[in-house]
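Notes follow once the structure below has been shown.
Here the structure is a predicted model, which is why all the values come from computation and not from measurement.
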Amino acid sequence: MTATEVEVRQLPYVMAFNEAVRQCMREDENIFCAGEDIGAFGGVFGTFGGLQKEFGERRVVDTPISEQAIVGLGVGAAVMGLRPIVDLMFMDFMCVAMDQIVNQAAKLKYMFGGTARIPLTITCGGGAGLSAAAQHSQSLEALLCHIPGLKVVVPSSPYDMKGLMVSCIREDNPTVMVKHKRMLGVSGPVPEELYAIPLGVANIVRPGTDVTVVAYGRMVSEAMLAAEQLAEEGVECEIVDPRTLQPLDSATIVASARKTNRVVVVHEAVRFGGIGAEIAAQIQEEAFDYLDAPVGRIGAPFSPVPFSPVLEAIYIPNAARIADGIRATFGRPARSV
Amino acid sequence: MTATEVEVRQLPYVMAFNEAVRQCMREDENIFCAGEDIGAFGGVFGTFGGLQKEFGERRVVDTPISEQAIVGLGVGAAVMGLRPIVDLMFMDFMCVAMDQIVNQAAKLKYMFGGTARIPLTITCGGGAGLSAAAQHSQSLEALLCHIPGLKVVVPSSPYDMKGLMVSCIREDNPTVMVKHKRMLGVSGPVPEELYAIPLGVANIVRPGTDVTVVAYGRMVSEAMLAAEQLAEEGVECEIVDPRTLQPLDSATIVASARKTNRVVVVHEAVRFGGIGAEIAAQIQEEAFDYLDAPVGRIGAPFSPVPFSPVLEAIYIPNAARIADGIRATFGRPARSV
Amino acid sequence: MELTDDTLRDLHRRMVRIRLFEEAAGRLAEANKLPGFLHLYVGEEAVAAGVCVALTDEDQITSTHRGHGHLVAKGGDFNRMMAELMAKSTGYCKGKGGSMHISDLELGMLGANGIVGAGTPIAVGAGFANKYRDNGKVAAAFFGDGATNIGAFHEAANMACALKLPVVFVCENNEYGEFTPRHKTMAITDIVDRAVGYGMPSVMVDGMDAVAVYEAAVEAVARARAGAGPSLIEAKTYRYYNHHGVQNLGLKYRPDAEVERWKERDAINGIQARMAEAGVMTPDQAEAVWAEIRADIDAAIKFADESPTPDPSMLLVDVYSQNVEAL
Amino acid sequence: MELTDDTLRDLHRRMVRIRLFEEAAGRLAEANKLPGFLHLYVGEEAVAAGVCVALTDEDQITSTHRGHGHLVAKGGDFNRMMAELMAKSTGYCKGKGGSMHISDLELGMLGANGIVGAGTPIAVGAGFANKYRDNGKVAAAFFGDGATNIGAFHEAANMACALKLPVVFVCENNEYGEFTPRHKTMAITDIVDRAVGYGMPSVMVDGMDAVAVYEAAVEAVARARAGAGPSLIEAKTYRYYNHHGVQNLGLKYRPDAEVERWKERDAINGIQARMAEAGVMTPDQAEAVWAEIRADIDAAIKFADESPTPDPSMLLVDVYSQNVEAL
Ligand SMILES: Cc1ncc(C[n+]2csc(CCOP(=O)(O)OP(=O)(O)O)c2C)c(N)n1
Ligand SMILES: Cc1ncc(C[n+]2csc(CCOP(=O)(O)OP(=O)(O)O)c2C)c(N)n1
Ligand SMILES: [Mg+2]
Ligand SMILES: [Mg+2]
């Protein structure tokens, strides 16, 4: 699954997204992109850079500031057989378009008795860390994962970004691709050819024996740092990146939990009611007799994202907090009666 | 907490809501109601019946079909010191107004450094069971519970409805009061005088020793039926109704779990990513060494709500499924090494 | 633009089909044979018929909570419609959608919609697809007067104009949103006034006159097909029954005299009189149309009645395109 | 309505305060002293000043992502503003809101807003509260041309008219939404055309002329205070700097000549020339105003610089009104 051979080209996350879209658009005339400022400007995060130049205004469309109509445009065009990629800029703005996402895109197929296909990809930039304050920093994926009909994708590396975005575009169901704003410039190996990473298949980013860390998006790299630290302390972490939160590869997560007997789930989203709760709940259901400690959860505290860099730095989970969370699972006696 | 003395008047759930609003409005001139068809018509669920007659068009306002502006009206008026009660009719429609709820109402106070108070109550009708299909039947409370700044209230009886609604109205933070559509006609004892049930305090609806059932809203009555069945089988259920999901009375839930050593969490919402996941995750964190079985979760399966009454009847969790879920927690050997 | 006799017959036939379908649905609802909500279209037939006769089978429409009339006008099959209302597995949505989500993608009917206004951005998407493919097709969005107060309508109308898409916006102004009269929810009288703000051509027509609606629609559709962008048609019309269900509830939110005034201008009576006068259709011939459609309705009810309810195993089917397992 | 010398001086002073505050903020941003996003108001000063001079301190305004100008015009305190932009605990929002959420409820400034259009329904709520209390106060909503494409604006405008609320809608039409020119996102040229659809009186004014804005605002505010309902003011204006930040990014989305043309009509130059001509304020006196405000700015920067960052313990404070414990 990973591609770490030396010859592989390095590409930043933002360009991995861009290349996925570009290569898919070359292949399939039915794909188009629409969103605010994605044309000549290439999108506020640069993710759509140069696409209008290559594909023209017909296929890369600047829209009015109208998130409901942007998603609706995607839903209607998808029902008619096109493969729209619609951009919502900041993940927070999905709240403006929530009806079209939750009540339309997610439900049309089922409500229509199966006749519709909705090959729609919604993209947005999530996550904190840019001092962008409470309305431009949220990680709202838990809201989407609770809605049957949607798929939710959260790449943690340039390699995954490209392969997962290709799968989103080719997927016949509405997907939400969450780009982490703070990873845009992060580089990693990305093959030039078009490749797809299947949705719903977790990636064991780091094999280990002593504790399982489930992390996704930007938290994977923080978990890796924590794992290095813990390795020095003699604890080998297995890091499982679900890659997609909906569908969730529960089997891989549970198997790892059964192997290591200890689990910490990490996300940048608010801890209360986050997808970490679902993952923890599933693990204790499926690996109850294997657990030597409660499944730990690391997430943001229960507040809006603060503007102040000082406060935001405390707000966002990081390697140190993850390491502490991992240590805590060992801080109690191994299970015994 | 409960009021079961014989002399207490019986009132349907819908009228308990109505009476709470009416009595509070008599007390406090700052309270007004706004929403679609709530005036002369009294709201599609009848919950606002007769209020315009008593308080006039100034205080009970029919609005255009404009959910964003309805909630925005509430936010703006609340910031100015009024106590708005704004109605969204069906809970599903909150998606139309999601930005005002999630990005405005929930966050203004924090973003403004504490200067704002938002004494806003948002009311809506949730739940399935009326063959109202996928866009008029959802239980979306998990989306709200994940958002710092909101409070989420889900009464399970006429008594609770009145007392909790009074607290919502008096609360200085934005609350979402979820009325269950299928409980509107359910009657129960409701004192005539104005009383408040504090937000964030769970109610032990039925004390028991063998297993804890955490249920809210309409699922409480289903859990009671299941408990009766299980009592015949020699199993005494303790039913804990959190009454408010945000804030969640974790202490009461965990204490019960520690006492009974077995827990099943029940809700009508989709199981995956529902608030049941948060509750289960907290219980295994806080009562790990007390649990004799994994925390079970009962919820709706992962699909939109079907129109067909036949399918909907399978879709909605009921006493039989709850009973099975409870039995399952005993179906495994008690914890041993 | 010539108005042929066949067009008149077509308008008439579609309207009678709607009327009889809806009245049958109303009776079934009163007999407690239809689960869920029912929003009847009776009284407004001229709008759906007038617009859909101006469209081809390849054009698309989006609809509202009051969607049966639109599907019938677009050529919907009575059997599958009636079966859907009765929540049977043979219904258009296999019993999973019901009245508020009835749809026939093959006829370009992209769904009734339970969320007011939400169909309008979807029509914009369909119009976009038409333009993208340069296929000369047009998407029409039906919506009510009340729906023009909601943000989604505004965004859709503006985006269609900004992108110059082949979309026709059709407002069924029946003067009420649920039980609240228009004047309480907007300070204007005519929805066409809203078109100004989008730079969209608009026309106001008598929604009780199918020919007037048809002629306006022909013009708007031609404009869209020619690549000249969207238009708004406001049809002044009226629903005879209650907002949902059949009987008015206790509350009298509409004066009897108002209801009667509109009924006097009934669109079907109107077109029958016109056709009789023009010698296009005698009263007997008209009656034959009614009788034939009545028989179709009876057959549809029988079909629906005898159809099975959905098998429980269908609950988790069609949540996703390749079905995933239950969670 | 007489235009007094004091009013001219007031307009001038508020504009200079905005200009100097914004330019200082720009310099600080370039020096990497301001975290987060910064949307400068420079060029559009006449709009905020013209409207806010027509309001009393008791009236309310809602603002946008480009909100410093509005707060300065409403009487905002430089120290607390600068401290907020620098994320200090002495800032208006105690460092938790920043540029996009700057607010002063005591001045009736109900917040900058990071969600385009979202302030407009909140202004409707404030207007509602005024009418409810019959206090004669007015709420003004500032928003951009791009914001008029979003549903929230539409719902707010319509609701204010339907309920006849004391609200003034102020569109700052600077011809761009981010980097996209207006003509790509709407088929109209003038935002006033949108007022027609709400039955709302409207007026288009030169947004580079503070007096013109002021006079239009006086009329709209008077109408609102008199109980005659909302109005829309469209001010044609221009931002001198980039959408956010100071420098234009690589992409030239605005022709240099266009920028220069607008700068030639600079609102502050304009009012200074007018006042000099009318003998209200000599160039020297004007310079004294600039100098005085410059000193205030310097003091504010010093205040902000010396202020502490928020204490970590503040992270979970003010999530709720009675603080709940962290979860
Ligand atoms: C977003 C949303 N808000 C409210 C409703 C409830 N509702 C259903 S139909 C209706 C009235 C619609 O009025 P109009 O658009 O004029 O259509 P009509 O019913 O008159 O045909 C309302 C308010 C809804 N379905 N969706
Ligand atoms: C709902 C929403 N969509 C998109 C954005 C991103 N955004 C911020 S400012 C802006 C442009 C706003 O244009 P306009 O309303 O004309 O105001 P201006 O910046 O020109 O003052 C956009 C698209 C946002 N903040 N909120
Ligand atoms: Mg209507
Ligand atoms: Mg602009």
> Would you call D/K302 and D/E306 a salt bridge, taking side-chain N to carboxylate O under 4.0 Å as the test?
Replying inline: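 The answer is yes: the pair qualifies as a salt bridge.
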> Going by an N to O cut-off under 4.0 Å, is there a salt bridge joining D/E175 and D/R182?
Replying inline: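 Salt bridge: yes.
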> Among A/Q68, A/M89, A/E36, which residue forms the greatest number of heavy-atom pairs with chain D at distances under 4.5 Å?
Replying inline: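 Option with the top pair count is A/M89.
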Side chain, backbone, both or neither: which part of [X] has an atom under 4.5 Å from a heavy atom of chain D?
{"X": "A/F93", "answer": "side chain"}
{"X": "A/V270", "answer": "neither"}
{"X": "A/T63", "answer": "backbone"}

>> Looking at D/Y92 and D/G97, would you say the former's side chain and the latter's main chain have a donor-acceptor pair under 3.5 Å?
In response: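 No: the side chain of D/Y92 does not pair with the backbone of D/G97.
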> Between A/K179 and A/F45, is NZ or CZ placed under 6.0 angstrom from the six-membered ring centre and within 45° of the ring axis?
Replying inline: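 The answer is no, since A/K179 fails at least one limit relative to A/F45.
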>> Can you tell me which of D/T185, D/D311, D/T148, D/N113 forms the most heavy-atom pairs within a distance under 4.5 Å of chain A?
In response: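 Of the options given, most contacts go to D/T185.
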> Which answer fits D/L38, side chain, backbone, both or neither, if we ask what part of it has an atom under 4.5 Å from a heavy atom of chain A?
Replying inline: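 Interface part for D/L38: neither.
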> Between D/N149 and D/R194, is any side-chain donor less than 3.5 angstrom from a side-chain acceptor?
Replying inline: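 Distance-only check passes for D/N149 and D/R194.
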